[in-house]
Amino acid sequence: MFALVDCNNFYASCERLFRPDLHNKPILVLSNNDGCVIARSNEAKALGIGMGEPYFKVKSLCNQYQVHIFSSNFMLYGDLSARVMSVIEDSWPHCEIYSIDEAFIDLSTLPVAQHEVFCEQLQKRILKETGIPTSIGIGRTKTLAKIANFIAKKELKTPVFNICNQFEWLNRLPVNEVWGIGRQLHRHLLHMGIYTVADLAAADKQLLKNKFSVVVMRTAMELAGIPCNGLDVREARKSILASRSFGTMITEFSELSEAVSMHCARAYEKLRSEKQLVRHMQVFVRTNRFRDDLAQHNVTMDFNLINPTDDLRCLTSLAKQGLKKIFKQGYYYKKAGVCFNDLISRDSVQLDLFNQPDEEKLAHKDRLMNAMDAINQRYGRKAIALAAQNFNPRWAAHSDLRSPCYTTRWSELALINT
DNA sequence: TCTGGGGTCCTAGGACCC
DNA sequence: TCTGGGGTCCTAGGACCC
């Protein structure tokens with residue numbers, strides 16, 4: 001038995017937490033560059049504003065209905081997420097943090113009669129201790145718990161819903177609400193006459209495997225109540241991506257180079273915090289895909305590193321060399337990024353027989369990187385950096401509507417007037 | 001004018017091995 | 001003219017997720 005705890009309109013709820021005046025008011029949270037809608041309060045959903053819609057398309061509607069707009073503030077959301085997750089982990093020993101706003105819990109060791117009461121209490125405790133509203137779905141499998149959560153949130157608007165013995169719901173929900181069924185699969189399933197969740201649960205499993213994949217087969221089995229997935233144990237990350245769209249389009253190599261250097265530094269930060277080394281790296285640039293009137297140039301450059309590394313100087317220098325090879329004069333660039341792949345734990349490095357690293361240099365590198373990290377940890381992210389970066393670039397993304405980092409920066413604490 | 005970012009998993013096909 | 005069987009590993013691309 002599984003339960004899925006899912007925060008309601010998570011980013012919008014985070015923004016509202018420190019703005020009680022926005023209770024019952026429509027709220028939107030925007031993506032980087034204030035580009036697209038990535039979260040909506042219920043009031044904003046009621047206005048017909050879609051998920052992922054470009055902000056400029058709904059801007060006038062927002063003005064008309066006085067929708068409160070926020071640039072995204074992931075520092076805040078990440079911190080509040082950690083609070084929610086710690087309450088869940090403190091309440092039950094068998095948990096899997098699935099995303100920034102969701103966690104599965106395995107209820108198998110709890111008597112069936114107590115499932116709903118336990119989840120109701122958990123929901124109340126999270127609300128009380130963090131201020132974040134959640135919905136909880138209960139089911140025989142993770143996929144059913146997901147569906148139950150959907151019913152709780154969207155259909156019944158109750159804090160907790162247990163789908164066991166209430167399978168008639170599966171006939172009423174369209175198959176694309178199922179976890180793992182996206183746009184393409186939905187299209188194919190419709191052609192096969194599979195319209196509802198119940199249709200998929202009853203479909204021929206071998207046929208699904210042959211026609212699609214083992215993943216779709218497992219999904220259908222889970223809907224039929226046969227568990228194929230347990231709680232996942234958190235494993236080391238397999239890739240780290242850092243990329244951003246620019247606030248304005250870029251034509252100069254020097255500016256692209258600054259951007260790529262910045263992305264290296266951001267990816268490096270994650271790499272170091274996870275104690276991993278890079279064996280493969282990509283650097284890429286993109287033009288604006290929405291501008292049919294402009295020539296397009298989207299390229300990626302790959303590198304294999306003979307000796308795995310976490311040396312920011314080395315990674316940045318490589319990325320810049322790659323950029324030099326793929327950069328072409330005369331294009332309007334909209335986005336750039338780097339991706340670290342084929343990561344390996346710092347503790348288990350396989351050395352190359354023919355390219356032994358210089359031990360002394362390696363030790364020197366470690367001291368330098370450790371010192372850099374320590375300085376940035378103590379004095380803030382931008383305290384020390386490679387000169388290749390530019391902290392005040394002309395091309396920085398727009399985020400004019402960002403709320404304060406209420407819970408992570410002393411200088412931005414909420415003020416209370418008495 | 002304005003259109004996000006960061007991940008995972010699976011499969012088919014090619015290259016290679018004996 | 002006729003040309004096997006059984007594997008592994010890697011990669012690109014596509015699908016999905018939040």
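Within every chain, numbering begins at 1; the chains are lettered A, B, ... in the order of the sequence lines, protein sequences first and strands thereafter.
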Can you measure [X] atom [atom1] to [N] atom [atom2] for me and round it to whole angstrom units?
{"X": "A/Asn176", "N": "C/dC16", "atom1": "CG", "atom2": "C1'", "value": "14 Å"}
{"X": "A/Ile100", "N": "B/dG4", "atom1": "CD1", "atom2": "P", "value": "19 Å"}
{"X": "A/Ile181", "N": "C/dA15", "atom1": "CD1", "atom2": "C1'", "value": "10 Å"}
{"X": "A/Asp293", "N": "B/dT1", "atom1": "CG", "atom2": "P", "value": "10 Å"}
{"X": "A/Glu235", "N": "B/dG7", "atom1": "CD", "atom2": "C1'", "value": "14 Å"}
{"X": "A/Leu294", "N": "B/dT3", "atom1": "CG", "atom2": "C1'", "value": "14 Å"}
{"X": "A/Gln184", "N": "C/dG13", "atom1": "CD", "atom2": "C1'", "value": "13 Å"}
{"X": "A/Asn229", "N": "C/dC16", "atom1": "CG", "atom2": "C1'", "value": "13 Å"}

Base, sugar-phosphate, or nothing for [X], non-hydrogen atoms under 4.0 angstrom?
{"X": "A/Arg187", "result": "nothing"}
{"X": "A/Ala397", "result": "nothing"}
{"X": "A/Lys334", "result": "sugar-phosphate"}
{"X": "A/Val178", "result": "sugar-phosphate"}
{"X": "A/Asp101", "result": "sugar-phosphate"}
{"X": "A/Asn33", "result": "nothing"}
{"X": "A/Leu185", "result": "sugar-phosphate"}
{"X": "A/Tyr98", "result": "sugar-phosphate"}
{"X": "A/Lys57", "result": "nothing"}
{"X": "A/Glu102", "result": "sugar-phosphate"}
{"X": "A/Lys335", "result": "sugar-phosphate"}

Does [X] have a side-chain nitrogen or oxygen under 4.0 Å from the phosphate oxygens OP1 or OP2 of [N]?
{"X": "A/Arg244", "N": "B/dG6", "value": "yes"}
{"X": "A/Lys238", "N": "B/dC9", "value": "yes"}
{"X": "A/Lys211", "N": "C/dA15", "value": "no"}
{"X": "A/Arg266", "N": "B/dG5", "value": "no"}
{"X": "A/Ser239", "N": "B/dT8", "value": "yes"}

Could you please name the option among [options] that lies closest to any side-chain atom of [X]?
{"X": "A/Trp179", "options": "B/dT8, C/dC18, B/dG5", "answer": "C/dC18"}
{"X": "A/Ser243", "options": "C/dA15, C/dC17, B/dG6", "answer": "B/dG6"}
{"X": "A/Phe56", "options": "B/dT3, B/dG4, B/dT11", "answer": "B/dT3"}
{"X": "A/Asn288", "options": "B/dG7, B/dG4, B/dT3", "answer": "B/dT3"}
{"X": "A/Arg218", "options": "C/dC18, B/dT3, B/dC10", "answer": "B/dC10"}
{"X": "A/Ser245", "options": "B/dG5, B/dC10, B/dC2", "answer": "B/dG5"}
{"X": "A/Arg289", "options": "B/dT3, B/dG7, B/dG4", "answer": "B/dG4"}
{"X": "A/Ser99", "options": "B/dG6, C/dC18, B/dC2", "answer": "C/dC18"}
{"X": "A/Val214", "options": "C/dC16, B/dC10, B/dG6", "answer": "B/dC10"}
{"X": "A/Lys146", "options": "C/dC17, B/dC10, B/dT3", "answer": "C/dC17"}

Worksheet entry | Side-chain donor-acceptor pair present, A/Glu43, A/Ser41, cut-off under 3.5 Å | yes

Look at [X] together with [Y] and state whether they make a salt bridge at an N to O cut-off of under 4.0 Å.
{"X": "A/Arg381", "Y": "A/Glu269", "answer": "yes"}
{"X": "A/Asp347", "Y": "A/Lys275", "answer": "no"}
{"X": "A/Asp311", "Y": "A/Lys365", "answer": "no"}
{"X": "A/Glu96", "Y": "A/Lys142", "answer": "yes"}
{"X": "A/Glu102", "Y": "A/Lys146", "answer": "yes"}

Item to complete: Assign the ring pair A/Phe104 / A/Tyr98 to parallel, tilted or perpendicular, where the plane angle (0 to 90°) is split at 30° and 60°.
Response: perpendicular

Worksheet entry | Pairwise 5' ranking along DNA chain B for A/Met51 and A/Val215, keeping only the more 5' one | A/Met51

Item to complete: Specify the residue among A/Asp34 and A/Lys209 whose closest nucleotide of DNA chain B lies further upstream toward the 5′ end.
Response: A/Asp34

Discussion item. If I compare all heavy atoms of A/Lys320 with all of A/Phe253, which pair ends up nearest, and what's the gap?
Written reply: O-CZ, 4.3 Å

